[in-house]
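Taking it in order: structure first as structure tokens, then the write-up.
Predicted, not measured: the structure shown is a model, and the values here were computed from it. Just so it is clear: chains get the letters A, B, ... in the order the sequence lines come, proteins before strands, and each one is counted from 1.
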There are 2 protein chains.
Amino acid sequence: MSQGEPGIELDTSLGYMLKAAASALHSALEAVLRPLGMTITHYACLELLAQRPGLSNSELARGAFVTRQSMNVLLQALERQRLVVRAAQAPVGRALPTELTARGRRQLKVASAAVRRVEQDMLANLEFSEQDQMRRLLAACIASLTEPPASASLTSPSVRRGWRRRRRPEF
Amino acid sequence: MSQGEPGIELDTSLGYMLKAAASALHSALEAVLRPLGMTITHYACLELLAQRPGLSNSELARGAFVTRQSMNVLLQALERQRLVVRAAQAPVGRALPTELTARGRRQLKVASAAVRRVEQDMLANLEFSEQDQMRRLLAACIASLTEPPASASLTSPSVRRGWRRRRRPEF
DNA sequence: CAGTATATGTCAAACTACTGACATGAGTCA
DNA sequence: TGACTCATGTCAGTAGTTTGACATATACTG
């Protein structure tokens with residue numbers, strides 16, 4: 001083009017490619033989850049609870065990359081559907097531990113299988129060593145973007161100080 | 001973090017890590033673009049037009065990973081702000097070529113610099129060879145998810161048949 | 001040529017997720 | 001103890017996107 005150095009070369013920009021890959025994955029996940037009557041965040045919430053029972057609303061929000069407000073409305077819906085149960089009162093602080101019900105586990109089981117298929121499709125052409133490599137590279141990108149050098153674990157809410165987590169999530 | 005760390009795949013799931021990286025990038029981009037009064041899609045639209053002048057609404061939508069309806073409302077806003085101009089009538093078919101105005105180019109220049117900084121931050125700890133590797137891996141994932149083996153170029157709307165592009169975009 | 005399928009532009013309605021705001025619980029520090 | 005800071009839950013309003021629908025333009029098919 002004419003004007004000097006324009007901007008970013010989209011075709012080779014890793015930021016753009018990252019977005020493209022995430023977008024493709026998102027579409028594929030939506031496509032398999034929709035017939036099950038679930039959104040991606042809905043699925044993510046269930047999966048998180050299956051692997052870490054007792055997570056609070058805020059912790060689930062961080063794990064699903066949405067705001068705690070968004071997760072809150074979702075959680076209320078899931079509770080109405082009897083897919084999860086929340087403690088009536090907080091054991092400590094204000095955080096209310098949440099857990100899956102048997103019904104929630106059943107729904108998750110179906111969804112989880114579908115999601116796994118999508119992920120395997122995505123990695124169909126990658127060797128195991130390449131998958132490891134990709135994990136390493138993505139982790140490096142995440143770390144660089146999240147600045148604070150250490151931790152920020154899903155379940156370490158209070159201890160860390162002086163660093164304020166970025167408010168906005170995804171997508 | 002007392003509950004027995006159920007070995008979760010989330011921490012090693014490439015799908016999850018991809019989402020995490022995209023989410024972190026999205027947040028970082030939003031943070032630098034917001035002070036400029038731009039959204040990510042807004043920026044993406046301008047950047048696309050800078051590199052491929054004459055792109056239509058639908059082509060811009062695909063390039064920015066949103067629906068053509070979303071891009072349409074954005075384009076109308078950008079046109080009102082005199083950042084872009086659209087052809088009054090289609091040279092062929094219904095597609096209306098769009099181009100940046102001088103004003104649009106000026107706005108893009110500032111945003112592009114900010115975005116470049118974010119991307120460089122993200123890649124700060126990666127060697128060039130690792131960046132190439134990452135490009136290759138992401139490209140493979142995108143290809144696997146998009147199924148149809150070939151093409152699907154940003155500017156090949158009509159030729160391809162028998163394959164319907166996935167409707168939903170991103171993020 | 002008629003019929004069908006694909007692309008595109010655009011309006012309107014519905015939704016999802018975010019921002020803003022406020023109150024509550026807990027830890028830190030002087 | 002009291003002031004301050006931080007994390008959390010939750011309600012209300014809003015912005016950005018998607019879904020749905022329809023008209024129109026082109027290209028393929030038989």
Side-chain angles (χ1 to χ4, degrees), chain A residues 23 26-27 30-31 34 38-42 44-45 55-62 64-77 79 86-98 152 154-171, chain B residues 23 26-27 30-31 33-34 37-45 55-62 64-79 86-98 152 154-171:
Chain A
S23 175
H26 190 95
S27 294
E30 237 175 14
R34 179 186 303 275
M38 307 172 67
T39 65
I40 296 182
T41 307
H42 176 149
C45 180
L55 246 35
S56 70
N57 174 48
S58 287
E59 291 167 332
L60 287 167
R62 283 194 289 272
F65 309 106
V66 297
T67 60
R68 66 185 197 276
Q69 291 93 326
S70 290
M71 184 53 75
N72 190 40
V73 312
L74 172 60
L75 229 33
Q76 289 175 9
E79 201 169 14
R86 305 186 71 182
Q89 46 189 4
V92 58
R94 301 197 66 198
L96 303 172
T98 309
L154 201 60
T155 50
S156 70
S158 56
V159 194
R160 197 169 58 267
R161 298 191 55 185
W163 160 245
R164 174 181 261 105
R165 175 179 283 273
R166 281 188 173 74
R167 298 130 331 267
R168 276 225 34 203
E170 151 77 350
F171 306 51
Chain B
S23 175
H26 189 94
S27 294
E30 236 175 15
L33 253 21
R34 180 185 304 275
M38 306 172 67
T39 65
I40 296 182
T41 306
H42 175 150
Y43 159 72
C45 179
L55 245 36
S56 71
N57 174 47
S58 286
E59 291 166 333
L60 287 167
R62 282 194 290 274
F65 309 106
V66 297
T67 60
R68 66 184 197 275
Q69 291 93 327
S70 289
M71 185 52 74
N72 191 40
V73 313
L74 171 61
L75 230 34
Q76 289 176 9
L78 296 184
E79 200 170 14
R86 305 187 71 182
Q89 47 189 6
V92 59
R94 302 198 66 198
L96 302 172
T98 309
L154 201 59
T155 50
S156 70
S158 55
V159 194
R160 195 169 59 269
R161 296 193 57 184
W163 160 247
R164 173 183 259 106
R165 175 179 283 272
R166 280 186 173 74
R167 300 138 319 278
R168 275 224 39 199
E170 145 87 355
F171 314 33

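A distance of 12.0 Å separates CZ of B/Arg62 from OG1 of B/Thr67, quoted to the nearest 0.5 Å. Atom OG1 of residue B/Thr39 and atom CG of residue B/Leu74 lie 6.0 Å apart, to the nearest 0.5 angstrom.
Protein atom CD of B/Glu59 is 10 Å distant from nucleotide atom C1' of C/dA7, rounded to whole Å. When the P atom of D/dG9 is taken as reference, atom CD of A/Gln89 falls 14 Å away, rounded to whole Å. Taking atom NE2 of residue B/His26 and atom C1' of nucleotide C/dT16, one finds them 13 Å apart after rounding to whole Å. Taking atom CZ on A/Phe65 and atom P on C/dA17, their separation rounds to 14 Å, with Å as the unit. With rounding to whole Å, A/Leu74 atom CG is found 10 Å from C/dT16 atom P. Regarding A/His42, its NE2 atom lies at a distance of 17 Å from the C1' atom of C/dA17, rounded to whole Å. Look at CG on A/Leu60: it is 17 Å from P on D/dA7, rounded to the nearest Å.
Counting only heavy atoms from C-beta on, A/Ser70 has its side chain closest to C/dC18 among C/dC18, D/dT17, D/dT19.
Each of B/Ser56 and A/Met71 was assigned the nucleotide of DNA chain C with the nearest heavy atom; the assignment lying further toward the 5' end belongs to B/Ser56.
B/Ser70 places none of its side-chain heavy atoms less than 4.5 Å from the side chain of B/Thr41.
Contact record, B/Leu55 with B/Glu59: CA-OE1, 3.5 Å, taken as the closest heavy-atom pair. Residues A/Ala95 and A/Pro97 come closest through the heavy atom pair O-CD, 3.4 Å. The shortest non-hydrogen separation linking A/Ala61 to A/Arg68 is CB-CA, 3.5 Å. Contact record, B/Met71 with B/Leu60: CE-O, 3.5 Å, taken as the closest heavy-atom pair.
Side-chain N/O atoms of A/Thr67 include none lying less than 4.0 angstrom from OP1 or OP2 on C/dA17. Taking 4.0 angstrom as the limit, A/Arg34 places none of its side-chain polar atoms (N or O) nearer than this to OP1 or OP2 of D/dT18.
Counting only distance, with no hydrogens or angles, the side chain of A/Asn57 and the backbone of A/Leu96 share no donor-acceptor pair below 3.5 Å.
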Report, as a single string ordered 5' to 3', how protein heavy atoms within less than 4.0 Å touch nucleotides 10-16 of chain D: B base, S sugar-phosphate only, - not at all. BB----S

All N/O pairs under 3.5 Å across the protein-nucleotides 13-15 of chain C interface:
none

